[in-house]
Amino acid sequence: MVATTAFTTGDGITLENLRRFAGWAIERAQTAMDTMAPAVRLALPRLEVSLYTQNTGYAELARQRLSQAGAGTDRGEPCRILVTSPGIDGMMAPPGWGDELFHSRRFEEALSGTAFRAEFDHGLRFWQIFDIRRNIGVQWMQSERAYPPWEPGSPLRVFLHWFYSARGMRLAHAGTLGKNGKGVLLVGRGGSGKSGSVVDGVLAGLQTVGDDYVLLDHGGGFPMAFPVFRTFKQDAGGLRRLGLYDAIRAGREPNWQGKYEFFSEDIDGVAMTPSLEIRALLVPHLVEQQHSELSAVSRARAMLALAPSGLFQMPGERDSGVTRFAELVRSLPCFGLSLGHDRAALSQVIGDFLDGVA
């Protein structure tokens, strides 16, 4: 049992007391959740999340944006997460960091060898803490909407990252397209065309398990990809090119990146497929030519397209992440995907490729 000596906002968290604070916060969260009914229950791949909160806005974000398409019929491991802020659930204001210099790697190292994982946003005093052995987490905010601007697009993402990483799986910042259950993973920096390519493919009848973050399991055989979030993102220019501008923009405001968020069901009622067997890794890039085409690229280039965002957007587990991404790249053929002006033919290029794999 972790000591439960009280912390106050003025205490200031340090590397020395971080473990004790994390344990205390988890105990407080468990006590609060024991007196509540969950606001939302979500069935995800191999995981069942019970979200406890009086923050109805955040509960609705989770309900809308997390995908239950890949859950399957077997009940997953139970996980309980409290989303709270001062004055709710008996919680005080979240404490800040102490006077010592904050260094993310030292922060992570201070929790190594323990069951605790944590992430802290200085400007917002926004804490996310998780016990990977008991599957208990707490998201502790200064107010109901005091979360980073990217949080609404992928709520609870870091908790899912910690849960799945502890079980040999990995969230990847990537898009997917597939046909008849076989798929490709599209990876690259923002603006490379991967999100637009996914929507292009879905409009043409291809399958997908996600446009932004997907779950990868490379436990045996070909890697499998599963949906976690339902959200698609496109800026106004991309929506115009796709012919979706009027339908998607109505009633929506752009997010912090100037992109509009929408769901697979907004695209002709298409639902995400439960899983895809990944057969290749594609690195898309825009080119000044009419047609789109595939060409071989080095595994080093594919790794550089896949790993950076997948590591830096996911706190902790960086060393294991490098290992898992490297294993993924070594196990798959890697191609560059040249995206020409005639994007309507893109789905044909990918469909023909998938028809040809054994």
Side-chain angles (χ1 to χ4, degrees), residues 64-67 69 149-150 152-154 172-180 182-214 225 227-273 276 278 280-294 305 309 335-355:
Q64 287 182 347
R65 285 162 168 75
L66 283 158
S67 172
W150 51 83
S154 52
H173 183 221
T176 53
L177 284 172
K179 185 177 182 180
N180 298 324
K182 299 175 184 177
V184 295
L185 204 65
L186 291 90
V187 299
R189 58 177 176 79
S192 62
K194 61 181 183 296
S195 293
S197 296
V198 171
V199 181
D200 273 319
V202 171
L203 286 169
L206 294 181
Q207 299 167 314
T208 187
V209 297
D211 159 53
D212 201 13
Y213 296 101
V214 298
V228 178
F229 299 104
R230 298 174 55 234
T231 315
F232 289 79
K233 300 174 184 177
Q234 282 288 294
D235 61 20
L239 290 176
R240 288 191 182 95
R241 183 186 64 77
L242 293 162
L244 298 172
Y245 181 77
D246 292 334
I248 298 300
R249 184 173 173 271
R252 291 182 171 93
E253 294 294 328
N255 68 9
W256 66 288
Q257 296 174 306
K259 295 183 178 181
Y260 291 89
E261 297 179 358
F262 53 103
F263 307 115
S264 57
E265 291 83 354
D266 294 323
I267 310 173
D268 293 336
V270 173
M272 287 190 181
T273 196
L276 286 173
I278 299 301
L281 195 152
L282 308 186
V283 183
H285 58 283
L286 301 171
V287 294
E288 289 297 324
Q289 62 187 41
Q290 188 64 19
H291 59 284
S292 297
E293 61 185 357
L294 295 174
S309 60
F335 298 93
L337 174 59
S338 301
L339 298 172
H341 300 303
D342 182 9
R343 301 288 288 278
L346 170 65
S347 59
Q348 186 70 42
V349 171
I350 293 177
D352 287 348
F353 169 78
L354 289 171
D355 284 339

Taking the side chain from [X] and the backbone from [Y], do they hold a donor-acceptor pair closer than 3.5 Å?
X: Gln290; Y: Gly340; answer: no
X: Lys194; Y: Gly188; answer: yes
X: Asn255; Y: Trp150; answer: no
X: Thr208; Y: Thr176; answer: yes

Separation of [Y] [atom2] from [X] [atom1] (nearest 0.5 Å):
X: Ile248; Y: Phe263; atom1: CD1; atom2: CZ; result: 10.0 Å
X: Asp200; Y: Ser195; atom1: CG; atom2: OG; result: 11.0 Å
X: Leu276; Y: Leu185; atom1: CG; atom2: CG; result: 9.5 Å
X: Asp212; Y: Lys259; atom1: CG; atom2: NZ; result: 8.0 Å

For [X] versus [Y], what's the shortest heavy-atom pair and its separation?
X: Leu354; Y: Lys182; result: CD1-O, 3.5 Å
X: Val283; Y: His285; result: O-ND1, 3.5 Å
X: Met272; Y: Phe232; result: CE-CE1, 3.7 Å
X: His291; Y: Gln289; result: O-NE2, 3.0 Å
X: Trp256; Y: Pro149; result: CD1-O, 3.3 Å

Practice problem: Please work out whether the ring planes of Tyr213 and His173 are parallel, tilted or perpendicular, with thresholds of 30° and 60°. | Solution: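 Because their plane-to-plane angle lies in the 30° to 60° range, the rings of Tyr213 and His173 count as tilted.
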
Quiz prompt | Full working for side chain to side chain contact (heavy atoms under 4.5 Å, CB included) between Tyr260 and Asp235 | solution = CA-CA 6 Å; Tyr260 291 89; Asp235 61 20; 6.0 Å; no

Exercise. May I ask you to say whether Asp266 pairs ionically with Arg252, meaning some side-chain N is under 4.0 Å from a carboxylate O?
Key: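 A salt bridge links Asp266 with Arg252.
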
Quiz item: Is the Lys NZ or Arg CZ of Arg240 less than 6.0 Å from the centre of Tyr245's six-membered ring, within 45° of the axis?
Solution: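 Ring-cation test returns yes.
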
Find out whether [X] and [Y] are in side-chain contact, i.e. whether some heavy atom of one side chain is under 4.5 Å from a heavy atom of the other.
X: Val349; Y: Leu294; result: yes
X: Ser67; Y: Phe229; result: no
X: Leu339; Y: Ser197; result: yes
X: Leu281; Y: Val187; result: yes

Quiz item: Counting only heavy atoms not in Arg241, do more than 12 fall under 6.0 Å of its CZ?
Solution: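 Counting other residues, nucleotides and ligands, CZ of Arg241 exceeds 12 neighbours.
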
Quiz prompt | Intermediate values then yes/no, side chain to side chain contact (heavy atoms under 4.5 Å, CB included), Leu337 and Leu346 | solution = CA-CA 9 Å; Leu337 174 59; Leu346 170 65; 3.9 Å; yes

Practice problem: Please report the C-alpha distance between Leu242 and Gln234 in whole Å, then the side-chain angles of each, then the deciding distance to 0.1 Å, and finally whether the side chain to side chain contact (heavy atoms under 4.5 Å, CB included) criterion is met. | Solution: CA-CA 10 Å; Leu242 293 162; Gln234 282 288 294; 3.6 Å; yes

Practice problem: Report the C-alpha distance between Val214 and Val228 in whole Å, list the side-chain angles of each, state the deciding distance to 0.1 Å, and finish with yes or no for side chain to side chain contact (heavy atoms under 4.5 Å, CB included). | Solution: CA-CA 6 Å; Val214 298; Val228 178; over 6 Å; no

Quiz prompt | Among Val202, Leu177, Thr273, the one residue meeting side-chain contact (heavy atoms from CB on, under 4.5 Å) with Gln207 | solution =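 Output: one option passes, namely Thr273.
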
